[in-house]
Amino acid sequence: MIQRIQSLFLLLSSTLYLVYWFYGLEWYLEGFNVIKNLPFLIGKNTTLNILDSLIFITTYTPLTISILCFICIFFFNFRKRQILISKISYYLSFLMCINTVWFFYFSLSYLVSLMPSMFMEILLYLAIINPFICTILIYLSIKSIKKDSDLVNSLNRIR
């Protein structure tokens, strides 16, 4: 189970997203407070309601991806299910990449000014890169699962 390369990719992706969610949640909410107070959004209640919904959805998306990747490891006997769950986590991770670009476009300068040390600032920049790395890892795991599936299917034809 864990000796397969796709299991390692999924485990690493799950761990990175869990750390991303656990340690970055308070900074993420702080950044959304800045986005809510942007001059072009003040006085527009419908936009603020949409932003509140977006905050709720994107707050728990990394945790959801982490859980899906971890569950996917245990479906090693069921490759079609494993591919399906991996694809769902891949699409969610891709949406998380888009959200990260949008989020840090508006709030990066404010969050950098709040960082108490250079180490925390480096961690902030690593948080920008994290969804992209995890998306690549999930893609590589899907590719490896398909390769295993093709190998097993080719062996079934010989029998």
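Tyr105 and Leu108 fall within the same hydrophobic cluster, defined by Ile, Leu, Val, Met, Phe, Trp and Tyr side-chain heavy atoms under 4.5 Å apart, directly or through other members. Both Tyr17 and Ile142 are members of a single hydrophobic cluster when ILVMFWY side chains are connected at heavy-atom separations under 4.5 Å. Residues Leu84 and Ile65 fall within the same hydrophobic cluster, defined by Ile, Leu, Val, Met, Phe, Trp and Tyr side chains chained together at heavy-atom separations under 4.5 Å.
Between the NZ atom of Lys87 and the CD1 atom of Ile145 there is a distance of 10.5 Å, given to the nearest 0.5 Å. In this structure, CD1 in Ile129 is found 12.0 Å from CG in Leu16, a value given to the nearest 0.5 Å.
Using a 4.5 Å heavy-atom cutoff, the side chains of Phe9 and Ile138 are not in contact. Residues Gln6 and Phe76 fail the side-chain proximity criterion, which asks for heavy atoms closer than 4.5 Å. Looking at Ser144 and Arg4, their side chains never come closer than 4.5 Å, going by heavy atoms from C-beta outward. Looking only at side-chain heavy atoms (C-beta outward), Ile85 and Phe75 come within less than 4.5 Å of each other. Side-chain contact check for Leu95 versus Thr61: every heavy-atom pair is 4.5 Å or farther apart. When side chains are defined from C-beta on, Thr135 does not count as touching Tyr139, because their heavy atoms never get closer than 4.5 Å.
Between the Trp21 side chain and the Thr59 main chain, a donor and an acceptor come within less than 3.5 Å of each other. Counting only distance, with no hydrogens or angles, the side chain of Ser93 and the backbone of Tyr90 share no donor-acceptor pair below 3.5 Å. Side chain of Asn153 to backbone of Ser149: a donor-acceptor contact under 3.5 angstrom is found.
The side-chain contact (heavy atoms from CB on, under 4.5 Å) with Phe103 is formed by just one residue from the set Ile128, Thr58, Leu111; it is Leu111. The only member of Ser141, Ser89, Ser86 that meets side-chain contact (heavy atoms from CB on, under 4.5 Å) when paired with Cys72 is Ser86.
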